[in-house]
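Only one structure is covered here, and it is reproduced in the block below.
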Amino acid sequence: MWEVKPFKELSLEELYEIYRVRSDVFVEEQKITESDPDENDKIALHVFETDGNRITAYARIFSEQQYVTFGRVLTTGQVRGTGKGRELLQEIMRQIKLHFPGLPIEIEAQFYAVGYYKKSGFKTFGNPFIEAGVKHIKMIHDSMQKD
């Protein structure tokens with residue numbers, strides 16, 4: 001069952017688990033050395049699913065003035081390859097529609113994950129760039145593309 005909470009509604013245990021799993025995935029697995037917690041955590045909706053006490057899928061969603069974005073998208077090793085990532089992206093899109101109706105959706109995707117987002121209607125734009133030592137590219141949801 002998906003949990004969706006603003007920062008102020010997270011329990012200390014949930015906040016600890018969010019930071020723990022993000023550290024496991026982004027620092028330990030992906031070797032990203034930039035600080036993970038940032039000011040966006042305070043304004044974000046945190047979307048996650050647990051298998052009891054451990055988060056198995058997570059993302060955060062927040063508004064950037066004229067558009068909505070999301071990031072820190074992850075699944076843990078125990079659920080990778082099970083379709084949980086697809087479910088997470090569906091839940092992210094559902095929450096955006098509910099909490100940020102009508103806003104364009106723009107993300108900065110890790111380059112290796114472009115196919116994952118394309119399957120859900122995202123298209124790349126601009127040139128790849130490096131952020132936190134990892135190749136990224138901007139993507140926009142095709143429902144917001146201008147003809």
Side-chain angles (χ1 to χ4, degrees), residues 1-124 128-141 143-144:
M1 180 175 182
W2 293 104
E3 298 272 352
V4 180
K5 295 183 177 184
F7 184 80
K8 290 180 180 182
E9 291 180 16
L10 294 169
S11 71
L12 289 176
E13 289 297 321
E14 288 168 332
L15 184 59
Y16 172 81
E17 179 61 13
I18 286 168
Y19 289 150
R20 185 202 63 76
V21 75
R22 285 178 11 188
S23 177
D24 285 354
V25 171
F26 299 118
V27 176
E28 296 298 320
E29 291 179 18
Q30 296 184 5
K31 308 298 185 213
I32 295 173
T33 57
E34 291 190 16
S35 180
D36 174 43
D38 62 23
E39 292 299 311
N40 291 324
D41 284 329
K42 294 179 183 178
I43 62 169
L45 282 176
H46 298 268
V47 179
F48 57 97
E49 189 171 72
T50 65
D51 67 354
N53 294 328
R54 296 278 193 172
I55 289 176
T56 56
Y58 171 85
R60 67 180 188 179
I61 306 166
F62 56 95
S63 176
E64 287 280 1
Q65 296 184 354
Q66 287 123 1
Y67 63 92
V68 64
T69 190
F70 59 90
R72 303 297 200 269
V73 178
L74 67 85
T75 56
T76 61
Q78 67 201 52
V79 298
R80 287 186 192 138
T82 66
K84 187 56 68 182
R86 184 180 66 253
E87 289 177 37
L88 173 59
L89 193 49
Q90 289 170 346
E91 184 63 21
I92 291 166
M93 297 304 285
R94 193 174 81 74
Q95 293 300 324
I96 288 172
K97 192 175 194 179
L98 183 64
H99 294 279
F100 305 97
L103 278 180
I105 305 166
E106 183 178 311
I107 63 173
E108 294 180 350
Q110 289 187 1
F111 202 76
Y112 81 89
V114 165
Y116 167 71
Y117 294 112
K118 280 186 173 183
K119 289 178 187 173
S120 292
F122 284 86
K123 293 183 179 171
T124 60
F129 59 95
I130 303 297
E131 183 177 313
V134 177
K135 189 176 180 182
H136 284 72
I137 192 160
K138 290 190 180 220
M139 299 186 83
I140 190 166
H141 195 265
S143 65
M144 298 300 170

Item to complete: Look only at the side chain of Ser11 and the backbone of Glu14, and say whether a donor-acceptor pair between them is shorter than 3.5 Å.
Response: yes
Discussion item. So, using side chain to side chain donor-acceptor pair (under 3.5 Å) as the criterion, who are the partners of Gln78 when residues are at least two apart?
Written reply: Asp51
Worksheet entry | For Lys84, side-chain contact (heavy atoms from CB on, under 4.5 Å) partners two or more places apart | Trp2, Glu49, Ala57, Thr75, Val79, Thr82, Glu87
Fill in: Under 3.5 Å: donor-acceptor pair, side chain of His99, backbone of Lys97
no
Item to complete: Check whether NZ of the Lys or CZ of the Arg Lys135 lies under 6.0 Å from the centre of the six-membered ring of Phe111 and within 45 degrees of that ring's axis.
Response: yes
Worksheet item: Where do Asp38 and Arg60 land on the salt bridge (Lys or Arg N to Asp or Glu O under 4.0 Å) test, with the steps shown first?
Response: CA-CA 12 Å; Asp38 62 23; Arg60 67 180 188 179; 2.8 Å; yes
Worksheet item: How would you list, by chain and number, every residue that makes a ring-ring contact (aromatic ring centres under 6.0 Å, His included) with Tyr112, sequence neighbours excluded?
Response: none
Could you pull out every donor-acceptor pair under 3.5 Å between side chains of residues 114-121 and any protein atom, sequence neighbours left out?
from	atom 1	to	atom 2	distance (Å)
Tyr116	OH	Gly85	O	2.7

Practice prompt. Compare all side-chain heavy atoms of Ile61 with those of Val68 and state whether any distance is below 4.5 angstrom.
Written response: yes
Worksheet item: Regarding Gln110 and Gln30, is there a side-chain donor-to-acceptor distance under 3.5 Å anywhere?
Response: yes
Practice prompt. Would you check if Arg22 and Tyr58 make a side-chain contact, meaning some heavy-atom pair closer than 4.5 Å?
Written response: yes
Worksheet item: Is Asp41 paired with Arg72 through a side-chain N to carboxylate O contact shorter than 4.0 Å?
Response: no
Worksheet item: Taking only residues two or more places apart in sequence or in another chain, which ones pass side-chain contact (heavy atoms from CB on, under 4.5 Å) with Ser35?
Response: Pro37
Fill in: Pairing residues for Arg94 by the salt bridge (charged side-chain N to carboxylate O under 4.0 Å, His left out) criterion, not counting sequence neighbours
Glu91
Worksheet item: Heavy-atom distance under 4.5 Å between the side chains of Leu10 and His46, does that happen here?
Response: yes
Item to complete: Could you tell me whether Glu29 and Arg80 make a salt bridge, using a distance below 4.0 angstrom between a side-chain N and a carboxylate O?
Response: yes
